[in-house]
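Here the structure is laid out as structure tokens; the discussion comes afterwards.
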Amino acid sequence: MARRVSRLGRNFFERDVLEVAPDLIGRVLVRQFEDGSEFRARIVEMEAYRGEEDLACHARFGKTERNKVMYGKAGVVYVYLIYGMYWMLNFVTGKADEPQAVLVRGVEGMIGPGRLGKQLELDGGFYGEDLVKSKRLWVENCNDEKLEIEATNRIGIGYAGEWARKKWRFVAKNC
DNA sequence: ACAAAGATCCGT
DNA sequence: CGGATCTTTGTA
């Protein structure tokens, strides 16, 4: 049965972040630039950030100006500048008022969240971008064989105590 | 108002 | 291993 390549819809992102994060491995991240060119690559590394109780999550201090989009509807983009240099790409997941997001840490040929943000030419203008409707950034299904997924500790969050030991980083095994 | 830290990367 | 570079956050 012919099934068109399709963009992931709202319902995909409305599930719990621990379900969505591994499910995004192997899907295709698409970025269309102003000049008509396109960046397209399979996602191979994701990290889950889940709720105010997760001390590694930006929602650990409650709702703020920066993280408020995480409290809204799923399927929109949460970007923020880290170390004054790198734009980090996240997707909001779960129900409204449940602050969750997945950080895109790497795609095929472009590993590292900071480098990816640079390659995609992200900036504050992507804050709140809706992946379901956007003309410049979205995620598509992939018909290729499924990748084997490994779960490990999250990177760069050593300050989070117990939460640093959660295996909430999902990475394709052959990468 | 201020100071400290940060979901990183690069060059030495 | 330290510097770049600047926004966010709690009050160190």
Side-chain angles (χ1 to χ4, degrees), chain A residues 8 12-13 15-27 29 31 39 41-131 137-139 147 149-173 175:
Chain A
L8 300 183
F12 181 94
F13 297 98
R15 297 171 294 152
D16 190 276
V17 70
L18 293 178
E19 212 176 311
V20 177
D23 202 0
L24 278 167
I25 301 295
R27 313 257 178 196
L29 178 66
R31 165 81 165 102
F39 177 92
R42 281 197 299 177
I43 294 170
V44 296
E45 186 178 351
M46 297 296 290
E47 261 176 16
Y49 289 86
R50 188 173 186 274
E52 295 181 348
E53 64 274 17
D54 176 5
L55 295 182
C57 183
H58 284 170
R60 63 186 175 277
F61 299 126
K63 194 174 187 174
T64 66
E65 193 59 28
R66 175 171 71 161
N67 68 28
K68 62 184 179 186
V69 73
M70 279 202 278
Y71 289 78
K73 72 179 171 188
V76 310
V77 170
Y78 167 43
V79 285
Y80 64 90
L81 187 66
I82 190 70
Y83 298 114
M85 271 174 272
Y86 303 106
W87 287 98
M88 310 291 269
L89 175 62
N90 299 253
F91 305 148
V92 174
T93 68
K95 297 173 189 159
D97 294 323
E98 288 179 353
Q100 308 183 337
V102 279
L103 166 65
V104 186
R105 293 191 54 90
V107 300
E108 280 180 322
M110 184 54 58
I111 302 301
R115 289 156 150 181
L116 181 65
K118 187 177 177 190
Q119 174 87 30
L120 298 180
E121 297 177 20
L122 300 181
D123 59 31
F126 281 83
Y127 190 87
E129 184 89 0
D130 192 346
L131 294 168
L137 187 64
W138 64 89
V139 185
L147 300 170
I149 299 170
E150 193 175 3
T152 79
N153 289 359
R154 289 174 290 179
I155 308 293
I157 49 123
Y159 58 82
E162 297 282 320
W163 297 87
R165 294 198 274 281
K166 301 278 184 191
K167 307 296 187 218
W168 287 357
R169 169 173 174 258
F170 304 94
V171 53
K173 260 190 177 171
C175 287

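Just so it is clear, the values below take in all heavy atoms, side chains as well, and ignore hydrogens, waters and symmetry mates. Letters A, B, ... mirror the listed sequences (proteins, then strands); counts begin at 1.
- The closest side-chain donor-acceptor pair between Glu47(A) and Tyr49(A) falls under 3.5 angstrom.
- Within 6.0 Å of NZ in Lys167(A) there are more than 12 heavy atoms belonging to other residues, nucleotides or ligands.
- For the OP1/OP2 pair of dT8(C) and a distance below 4.0 Å, the side-chain nitrogens and oxygens of His58(A) include no atom meeting the criterion.
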*Assess whether side chain to side chain contact (heavy atoms under 4.5 Å, CB included) is satisfied between Trp163(A) and Arg60(A), documenting all intermediate values.*
CA-CA 11 Å; Trp163(A) 297 87; Arg60(A) 63 186 175 277; over 6 Å; no
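- What separates CZ of Arg60(A) from C1' of dG10(C) is a distance of 11 Å, to the nearest Å.
- Summarising the geometry, the separation between CD on Glu45(A) and P on dA7(B) is reported as 16 Å, rounded to the nearest angstrom.
- Nucleic acid contact class of Met88(A) (heavy atoms, under 4.0 Å, all strands): sugar-phosphate only.
- Using modelled atom types and a 3.5 Å distance limit, the side chains of Glu52(A) and Tyr71(A) yield a donor-acceptor pair.
- Tyr80(A) has its OH atom 18 Å from the P atom of dA5(B), to the nearest Å.
- Between Arg115(A) and dC10(B), a side-chain N or O to OP1/OP2 separation shorter than 4.0 Å is present.
- Closest to the side chain of Tyr83(A), out of dA7(B), dT9(C), dG6(B), is dG6(B).
- The distance from atom CG of Leu81(A) to atom C1' of dC9(B) is 13 Å, rounded to the nearest whole Å.
- Within the 4.0 angstrom heavy-atom criterion, base atoms lie near Gly84(A).
- Stacking between Tyr49(A) and dA7(B) is present: the aromatic ring centre lies within less than 5.5 angstrom of the base six-membered ring centre, and the two planes differ by under 30 degrees.
- A close approach under 4.0 Å does not occur between any side-chain nitrogen or oxygen of Thr64(A) and OP1 or OP2 of dT8(C).
- By the 6.0 Å contact criterion, CD on Glu53(A) is enclosed, its count of non-hydrogen atoms from other residues, nucleotides or ligands being greater than 12.
- The side chain of Arg105(A) contributes an N or O atom lying less than 4.0 Å from OP1 or OP2 of dT8(B).
- As rounded to whole Å, 15 Å separates atom C1' of dC9(B) from atom CD of Gln119(A).
- Aromatic ring centroids of Tyr80(A) and His58(A) lie under 6.0 Å apart.
- In this structure, the side chain of Asn67(A) engages the main chain of Thr64(A) through a donor-acceptor pair within 3.5 Å.
- Taking atom C1' in both dG6(B) and dA12(C), one finds a spacing of 15 Å when rounded to whole Å.
- Atoms CE (Met70(A)) and P (dA7(B)) sit 11 Å apart, rounded to a whole Å.
- Taking only side-chain nitrogens and oxygens, Tyr86(A) never comes nearer than 4.0 Å to OP1 or OP2 of dG6(B).
- For the pair Leu55(A) CG and dA5(B) C1', the interatomic distance rounds to 15 Å; values are reported in whole Å.
- Between the side chains of Lys166(A) and Asn153(A), not a single donor N or O lies within less than 3.5 Å of an accepting N or O.
- Side-chain nitrogen and oxygen atoms of Arg66(A) include at least one within less than 4.0 Å of the OP1 or OP2 phosphate oxygen of dT9(C).
- Met85(A) places its CE atom 14 Å from the P atom of dA7(B), with the value rounded to the nearest Å.
- Consecutive Watson-Crick or G-U pairing (both distances under 3.5 Å) extending over three or more pairs maps onto DNA chain B as B:1-6 with C:6-11, B:8-11 with C:1-4.
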